[in-house]
Amino acid sequence: MKSFAKWLKSNKVTMDENSLLVIENTGIYHRLLWAFCSQKGLPIHIGNAAHIKKSFGIARGKNDKIDSIRLCQYACRNADELMVTGLLDPVLMKLKDLTTARARLISQRNGTKTFIRELRNINDKSLQKVMEQSHKHAIEGMSKSIAKVEAEIKKTIEGNEAIKKNHDLVITVPGIGPVTAVYLICCTANFAGNRSGKELACYAGVVPFGNTSGVSIKGKERVHPMANKDLKKLLFLCAMSAIQFAPEFKKYYERKVGSGKHPMSVLNAIKNKILLRVAAVVKNQKPYVDYFQAA
């Protein structure tokens, strides 16, 4: 960062709206650069790596120097359309890391449990007992770690008024639980930019798109594979919960399946409906009100 600051100074780069640094989203690796720009007031655009790559067209060869030149060309061509990324929010980054840590710990714990359970089919009782005892402390330790992470997530939400307000609004939507609410807040930077429900649904990969050109004119509308798969998994659980405990979604599911619709297609529509309601409660800053009345 010191070298970068020195380079900016030597090239007389102004730290105002007349400059724009364009980089790709590289997960956690660009955070130091993002924090530097936030502190110095240098406008930065953190672009979607897939979108930037496709904008190059047919390209051969790849290294850091070539990528830098291509990013510069991309920035010049799209300068009028590129939006400046907001300042790095340490609280949101902390919440995002905690959420990721929780998901990893749960995955590791479930993997260990599955491994032990599968061994029961082939091991004798004495060996199985040794295996279970040797993994017992590991499983208990991961469970304690998960509880600590969840407590820290709750503490972080309680300590930030803006995040807590949106969190409490989102969980009023049928099917949405605390885990999905926190994940949505992390994905959308606490719903910055007033994203619409359709944009959220598209991001989650629950919006079907038509493809009626050429030989595919008779093809069905399908969801696009480019989506946030983790969010889509969470929304599936939300939809399953909604059709069990929310009368509106339960009736909708039964009616559509009864008319011949595929159950997974109906669940996808319910995911879409849930996200539309999430966007609505955040935009209106009012809790969800269920006006549904069975006929």
Side-chain angles (χ1 to χ4, degrees), residues 25-31 49-50 91-159 167 170-171 173-187 203-206 222-246 249-250 253 257 262-268 270-271 274-275:
N25 189 324
T26 56
I28 63 173
Y29 298 106
H30 67 270
R31 285 193 194 174
V91 178
L92 278 174
M93 289 299 105
K94 178 183 177 181
L95 201 57
K96 191 172 184 178
D97 289 342
L98 288 170
T99 303
T100 303
R102 178 186 177 277
R104 290 174 67 91
L105 284 167
I106 289 175
S107 177
Q108 291 167 1
R109 184 184 65 179
N110 291 344
T112 304
K113 285 182 176 180
T114 301
F115 170 68
I116 296 298
R117 187 169 60 251
E118 289 174 344
L119 287 178
R120 291 175 187 167
N121 300 319
I122 57 174
N123 284 343
D124 56 60
K125 291 184 178 180
S126 59
L127 178 57
Q128 183 63 24
K129 186 176 180 180
V130 171
M131 294 299 291
E132 289 179 0
Q133 288 179 345
S134 62
H135 287 83
K136 181 180 178 181
H137 294 299
I139 293 172
E140 290 176 349
M142 283 187 281
S143 296
K144 290 179 181 178
S145 296
I146 291 168
K148 287 182 180 179
V149 170
E150 289 176 343
E152 189 63 30
I153 289 174
K154 185 177 180 180
K155 181 181 176 182
T156 304
I157 293 172
E158 294 290 337
H167 174 271
V170 171
I171 61 175
V173 177
I176 295 287
V179 174
T180 308
V182 172
Y183 195 90
L184 281 167
I185 287 170
C186 293
C187 288
Y203 172 71
V206 298
R222 300 180 184 275
V223 294
H224 199 278
M226 188 179 291
N228 186 324
K229 302 296 175 60
D230 292 330
L231 177 57
K232 195 171 183 178
K233 290 176 184 176
L234 288 173
L235 287 171
F236 175 79
L237 299 176
C238 294
M240 291 298 293
S241 175
I243 63 174
Q244 293 182 60
F245 304 107
F249 293 114
K250 185 177 182 179
Y253 179 80
V257 173
H262 194 284
M264 293 304 294
S265 177
V266 182
L267 284 173
N268 190 73
I270 291 173
K271 297 176 198 174
I274 288 173
L275 285 177

Rounded distance (nearest 0.5 Å) linking atom [atom1] of [X] with atom [atom2] of [Y]:
X    : Y    : atom1 : atom2 : value
I116 : H135 : CD1   : NE2   : 4.5 Å
T156 : K96  : OG1   : NZ    : 15.5 Å
C238 : L231 : SG    : CG    : 8.5 Å
C187 : L92  : SG    : CG    : 11.0 Å

Please report the shortest heavy-atom distance between [X] and [Y], naming the atom on each side.
X    : Y    : result
M142 : L105 : SD-O, 4.1 Å
A181 : V170 : CB-CG1, 3.9 Å
N25  : A49  : O-CB, 4.3 Å
P174 : A246 : CB-CB, 3.8 Å
A239 : I270 : CB-CG2, 3.9 Å
T180 : I176 : CG2-CD1, 3.9 Å

Is it the case that more than 12 heavy atoms not belonging to R104 sit under 6.0 Å from its CZ atom?
->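 At most 12 heavy atoms, drawn from other residues, nucleotides or ligands, come within 6.0 Å of this atom.
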Among Q128, K136, K129, side-chain hydrogen bond (donor to acceptor under 3.5 Å, both in side chains) partner for E132 =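 Of all the options given, the one that passes is Q128.
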Residues which pass salt bridge (charged side-chain N to carboxylate O under 4.0 Å, His left out) with K94, listed by chain and number, not counting sequence neighbours =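 In terms of salt bridge (charged side-chain N to carboxylate O under 4.0 Å, His left out), with neighbours along the sequence ignored, K94 is linked to E152.
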Under the salt bridge (charged side-chain N to carboxylate O under 4.0 Å, His left out) test, which residues partner R109, sequence neighbours left out?
->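 Partners of R109 by the salt bridge (charged side-chain N to carboxylate O under 4.0 Å, His left out) criterion come out as none, since no residue qualifies.
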Step by step, work out the side-chain contact (heavy atoms from CB on, under 4.5 Å) result for I243 and L267.
-> CA-CA 9 Å; I243 63 174; L267 284 173; 4.0 Å; yes
Where the side chain of [X] meets the backbone of [Y], is there a donor-acceptor pair that is under 3.5 Å apart?
X    : Y    : answer
K271 : V206 : no
H30  : G27  : yes
S143 : I139 : yes

Intermediate values then yes/no, side-chain contact (heavy atoms from CB on, under 4.5 Å), F249 and I274 = CA-CA 10 Å; F249 293 114; I274 288 173; 4.2 Å; yes
Carefully, step by step, assess N268 and M264 under the rule side-chain contact (heavy atoms from CB on, under 4.5 Å).
-> CA-CA 6 Å; N268 190 73; M264 293 304 294; over 6 Å; no
Does K232 reach the side chain of F236, with side-chain heavy atoms less than 4.5 Å apart?
->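 No, too far: nothing below the 4.5 Å cut-off.
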Output, in order, the C-alpha distance, side-chain angles, deciding distance and verdict of side-chain contact (heavy atoms from CB on, under 4.5 Å) for L275 and L184.
-> CA-CA 10 Å; L275 285 177; L184 281 167; 4.1 Å; yes
